[in-house]
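Before any comments, here is the structure.
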Amino acid sequence: MARTVIDPITRIEGHLRVEMEVEDGVVTDAWVSGGCFRGMELVVRDRAPEDAAMIVQRICGVCPVSHAHASTLAAEKAYGITISNNARIIRNLVEGAQFLHSHILWFYNLAALDYVNPLHALEANPADAWDLATAAGTSTNTDFKALQERLTTFAENKQLSIFSGNWFDSENSQGYKLPAELDLICTAHYLEALTMQSKASEIAALLGGKMPHIMTSTPGGTMFYPTEEKLDDLWSLVNEVYDWVKATMIPDTLAIAPYYADAFNFGKGCGRYVAWGVFEDASFDMNKRYLPAGVLGDGLKLSDVDESKIKEYVGHSWYKGDSDLNPLEGVTEPEFTEYNTDDRYTWCKAPSYDGQCMEAGSFSRLLVAYKRNVSFIVDQIDGLLETLGVPGQLEILQSTLGRTAARQIETLYIAGLMKEWVQELIEAVKGGDSEYFRTPSTTTGQGTGFWEAPRGALYHTEKVSNGKITDYQIIIPTTWNIAPHDADGVPGPMEQACIGVPVGDMEKPINVLRTVHSFDPCTACAVH
Ligand code: NFC
């Protein structure tokens with residue numbers, strides 16, 4: 001038995017450490033640690049909910065819009081407001097733009113380098129790469145030969161820049177397995193993705209005043225006011241991003257996956273899922289959101305969300321005591337001791353639902369949407385299972401590769417919805433609807449915002465007295481996923497996913513890295 005550590009985990013936001021015990025080439029135990037505390041729940045105390053919606057966005061530069069929306073929802077619940085139809089559509093659009101930015105960033109620029117080796121692309125035949133891309137139905141926008149020449153210059157000058165520091169090692173049997181031509185295609189799309197991320201962010205900035213950290217979503221509605229010129233710009237950007245996502249993300253995933261099919265055999269995690277739902281439809285019912293709310297227990301049994309079943313345990317985290325509290329009564333009292341995997345080893349609290357740890361994320365959302373019969377998602381997942389030769393076997397996706405593939409389906413779904421929402425907004429404006437903001441009639445109350453960020457279920461709850469916040473608690477998607485062991489010593493979702501992962505090289509346990517990245521973790525959020 002031996003221990004190995006990946007610290008820091010790179011290509012994520014924040015400070016994340018994974019320590020594991022390995023026996024006979026397999027992980028037998030794991031401890032996941034978030035290493036930076038900021039105390040944002042304490043920062044917003046005594047402030048107005050309108051200010052909190054701006055301040056909590058500073059938790060993260062990748063998912064600020066979701067924090068703004070979960071916060072505004074909490075305040076609107078406390079004040080008894082339902083926002084107007086125009087505000088609902090505009091929030092969907094700015095949230096959707098952020099999801100598109102985040103998912104494109106994650107797939108191509110954060111996770112792909114666990115599978116794609118840009119150095120191996122130097123050995124590709126560019127003409128064969130073009131044939132392969134055409135056969136795979138993926139985009140051929142980049143001049144593959146010119147790109148290979150650029151990469152060769154980088155490599156010869158030993159200036160790998162954004163590609164430096166990764167575990168590219170084609171000699172390692174658990175390493176990188178793509179043919180050189182596919183490495184060249186995916187490297188081209190990695191670079192195209194940098195541009196497309198910025199297009200998605202441009203949509204968010206157009207609606208939010210700036211990005212990251214938008215200025216327009218506020219308790220009561222939105223301060224964005226659409227003009228003809230802005231709607232024109234929006235329509236053209238939304239179409240540009242949609243066309244690119246459609247041409248690349250799913251075909252690339254299907255081209256890469258067969259080479260890493262072994263990753264269907266590990267990384268399952270706890271097998272239970274939470275999704276609070278995101279993208280409001282006109283009913284404002286969380287179970288009818290475009291990606292609906294739901295909880296999936298053992299055997300993927302679906303139930304509605306029950307706030308009273310949520311708790312956060314701190315006995316293995318650097319907080320005072322060992323409380324296990326519902327967030328409506330939650331406290332945040334930081335107290336650093338030492339890093340000790342037998343005792344306290346992280347700043348992350350351990351959330352539970354009905355006494356058990358749960359996975360949050362895009363994969364959770366898709367499973368809930370599948371169970372709630374969202375037709376686009378059902379068709380895409382059924383199609384994926386057919387392509388894999390395992391029709392109807394949803395559970396096969398509960399793995400590192402399944403979790404990695406799911407996000408691309410969600411990206412295409414959201415990119416398509418963005419086009420619908422722009423049209424819906426245009427129709428509403430043409431029809432004379434000019435209501436964007438509703439003024440609260442009270443400034444005292446208590447409310448919870450159940451929402452989703454790109455990385456999963458997001459929960460903000462606040463108590464407000466005469467316009468000032470007295471208590472504020474947040475549970476973040478990555479908090480669910482990187483939770484430490486619970487009071488009974490049961491490991492958290494990511495820890496469970498790491499257990500059973502094969503390790504070939506103790507210095508470069510790439511399958512563990514793939515498993516960690518499949519969750520798309522953000523420690524900056526998790527330990528807010
Ligand atoms: Ni940071 Fe997050 C927010 C997380 O809630 N985890 O997706 C969201 O970060 O990206």
Side-chain angles (χ1 to χ4, degrees), residues 8-16 32 34-38 40-41 44 52-53 55-74 94-107 109-111 197 200-201 204 211-214 217 273-279 291 310 312 327 346-351 358-366 403 406-407 410-411 414 448-461 472-483 492-494 516-528:
I9 300 272
T10 56
R11 287 187 268 113
I12 64 163
E13 187 178 329
H15 311 272
L16 185 65
V32 173
C36 178
F37 175 76
R38 287 176 298 154
M40 295 296 278
E41 289 157 340
V44 292
I55 294 167
V56 292
Q57 291 188 61
R58 272 67 190 172
I59 288 171
C60 180
V62 186
C63 64
V65 179
S66 312
H67 287 295
H69 288 161
S71 186
T72 53
L73 275 174
V94 66
E95 186 75 56
Q98 176 204 247
F99 267 65
L100 292 175
H101 167 265
S102 183
H103 284 5
I104 295 169
L105 160 80
W106 169 80
F107 180 52
N109 308 122
L110 303 181
Q197 275 183 50
S201 268
M211 181 70 185
H213 310 129
I214 58 165
S217 290
Y273 305 88
V274 284
W276 307 149
V278 65
F279 305 122
L291 286 160
I310 303 170
E312 280 195 301
T346 178
W347 282 110
C348 189
K349 296 180 182 176
M358 311 291 280
E359 177 174 332
S362 174
F363 186 49
S364 304
R365 280 192 293 268
L366 289 201
R403 198 182 289 110
R407 232 172 251 101
E410 189 177 70
T411 315
I414 295 169
T448 295
F450 280 99
W451 197 240
E452 294 272 324
R455 282 154 198 76
L458 177 62
Y459 170 105
H460 283 227
T461 191
Y472 203 104
Q473 287 287 311
I474 308 169
I475 306 181
I476 282 185
T478 302
T479 315
W480 288 95
N481 292 336
I482 70 163
M494 187 185 285
V516 169
H517 280 147
S518 73
F519 285 89
D520 189 10
C522 172
T523 331
C525 267
V527 191
H528 32 280

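When a ligand or atom number is given, it counts from 1 through the structure's own listing order.
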| message | Please determine whether side chain to side chain donor-acceptor pair (under 3.5 Å) holds for the pair S66 and E452, giving the CA-CA distance in whole Å, both sets of side-chain angles, and the decisive distance to 0.1 Å. | response | CA-CA 7 Å; S66 312; E452 294 272 324; over 6 Å; no

| request: Return the protein residues near ligand 1 (heavy atom under 4.0 Å from any of its atoms), ordered by chain and residue number. | output: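 Near ligand 1, by chain and number: C60, V62, C63, H67, A453, P454, R455, L458, I476, P477, T478, C522, C525.
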
Can you name the side chain to side chain contact (heavy atoms under 4.5 Å, CB included) partners of [X], sequence neighbours left out?
X	value
A483	A350, P351, P493
L110	R11, L105, W106
A204	V94, A97, M211

| Does atom NE2 of H213 have more than 12 heavy-atom neighbours from other groups under 6.0 Å away? |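 Correct, the count exceeds 12.
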
| Mutual orientation of the aromatic rings belonging to F279 and W451 [parallel < 30°, tilted 30-60°, perpendicular > 60°] |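 Geometry flag for W451 against F279: perpendicular rings.
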
